[in-house]
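Atoms within each ligand, like the ligands themselves, are counted from 1 in listed order. All residue numbers in this chain count up from 1 along the given sequence. The analysis underlying the following values was restricted to heavy atoms, covering all of them including side chains, and did not include hydrogens, waters or symmetry mates.
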Amino acid sequence: MYSNLIDFIRKLYNSSDQIQLHEPFFNDKEKSILLEVIDSSFVSSVGEMIGAFEDRIKEYTGSQYAVATVNGTSALHIAILLAGVEKNDEVITQSLTFVATSNAIDYSRGVPVFLDVDKDSLSLSPDSLDSFLSKNCEVRNDGFCWNITSNRRIKSCIIMHTFGLSGRVEAIKLICEKYNIFLIEDAAESLGTKSLDGHTGTIADIGILSFNGNKIITTGGGGMILMQDEVLEQRARHLTTTAKVKHPWLFEHDRVGYNYRMPNLNAALGLAQIDKLPRFIEEKRKIANSYQIWGQDNNLNFAQELNNTVSNYWLNALIAENIEARNEIIKETNNNGIMTRPLWTPMHLLQMNQKYEAYSSMENTTWLFDRIVNVPSSFSEELNF
Ligand SMILES: Cc1ncc(COP(=O)(O)O)c(C=O)c1O
């Protein structure tokens, strides 16, 4: 029934082999820079590649400060700690996200509050946030926003830019400012994506990136904390390096810290990859355009960037008519050697999250979960537009 989709993807990737959802792309540049680092013996968390990679990310995103970490999840954990989240403080986020967003809240001993997304952006809905806060919360004399129902402070809010599409982060930011809530952008999937006011991850108080092997560029494993405030940057550096006090020979630590610093070897891979990023984005936007046109011709909607934003189109998504059609597409394509997959099971449906209060109907999250199909989106030199 979906043989035309299979034919289209095979033609696009010019391949009769297995086609993955997202594969990294390397050439001799990665090999030579990795050899250089191995020869230098600085393979771990000390070395000049780390600072150089942070500088390149700052330059590319326009962020004032950047601190490299072992992965995106650890970057999120530190961001939540820097937001001042303490035991039992609430952190608002979208139910439609990868589990790392929700896990990092638990690592910080916070309590997640899951809200709905917008159908078009696949990202936290400003209406859902505003409605939750105005119905349930108040800013008290201590300056904090309190949830009247749970009697807990709401310290932070995390918006996630799904699949590289920019969410409505500027609108979310205005609402958070009104309620004195520290805003974090989970931009793990959106390196290269521009929102209305700049690069995703640089609009909020803190943003994070991921360089996992499946992301638009990879360091093997890696992440980055983006900040616009020097005090936050100093604290992020301190917390990610076991809270070691600066001293020429003493090993002294002034609190419990984390061994979250990105190793030099991974940063080197990032330096080779970031040179390729503009080309990856250009080609990925062409892939997205091809899926969109194919979708128009075949009555399947395509998850498109919002007006006045520029997506990196990291992972493309088709929107099936209903859950039966979604399942059929996924079954047929995978049976024919083309990897496709549904959305992550929404956070509010996971067993471990059943203990948290539900505040939202999750209408759009459920609608999208029933319909989204991610389709192959890798950069390849074989692409055939
Ligand atoms: C939305 C989102 N947040 C966080 C992460 C965590 O990043 P990492 O895998 O680098 O820990 C990922 C991806 O893996 C992600 O997609």
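Every atom of ligand 1 with a heavy atom of N71 under 4.0 Å away is listed here by number and element: 10 (O), 11 (O). Every atom of ligand 1 with a heavy atom of A188 under 4.0 Å away is listed here by number and element: 2 (C), 3 (N), 4 (C), 5 (C), 12 (C), 15 (C). Proximity to M160 (heavy-atom distance under 4.0 Å) selects the following atoms of ligand 1: 1 (C). Here is the list of ligand 1 atoms found below 4.0 Å of a heavy atom in E189: 1 (C), 15 (C), 16 (O). Residue-ligand proximity, A100 to ligand 1, at heavy-atom distances under 4.0 Å covers atoms 4 (C), 5 (C), 6 (C). Within ligand 1, counting atoms from 1 as listed, the ones closer than 4.0 Å to a heavy atom of G72 are 7 (O), 8 (P), 10 (O), 11 (O).
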List the steps and the verdict of side-chain hydrogen bond (donor to acceptor under 3.5 Å, both in side chains) for N298 and N4. CA-CA 9 Å; N298 291 274; N4 50 352; 2.8 Å; yes

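For the ligand labelled ligand 1, residue G222 lies inside the 4.0 Å heavy-atom shell.
Judged by the 6.0 Å distance and 45° axis criteria, R237 is not positioned over the aromatic ring of Y65. Under the 6.0 Å distance and 45° angle rule, K155 counts as a cation-pi partner of F144. Geometric assessment of K244 against the ring of F251 yields a positive cation-pi assignment under the 6.0 Å and 45° thresholds.
The protein heavy-atom contact nearest to atom 9 (O) of ligand 1 is N212 ND2, 3.6 Å. Counting protein heavy atoms only, atom 12 (C) of ligand 1 is closest to F98 CD2, 3.5 Å. Annotation: atom 13 (C) of ligand 1 to nearest protein heavy atom, K215 NZ, 2.8 Å. Considering only non-hydrogen protein atoms, atom 3 (N) of ligand 1 sits nearest to D186 OD2, 2.7 Å.
When only interatomic distances are considered, the shortest N/O to N/O separation between S210 and ligand 1 falls below 3.5 Å.
Aromatic rings of H348 and F114 (six-membered ring for Trp) have centroids beyond the 6.0 Å cut-off, not under it.
E30 has a carboxylate O that lies under 4.0 Å from a charged side-chain N of K276, or vice versa, which qualifies the two as a salt bridge. The pair K286-E283 meets the salt-bridge criterion, with a side-chain N (NZ, NE, NH1 or NH2) lying under 4.0 Å from an Asp/Glu carboxylate O.
Screening I372, L5, N301 for a side-chain contact (heavy atoms from CB on, under 4.5 Å) with L318, the sole residue that qualifies is L5. Checking F163, Y313, F8, F385 one by one against Y291, the ring-ring contact (aromatic ring centres under 6.0 Å, His included) holds for a single residue, F8.
Contacts between T73 and ligand 1, counted as non-hydrogen atom pairs separated by less than 4.0 Å, involve both the backbone and the side chain.
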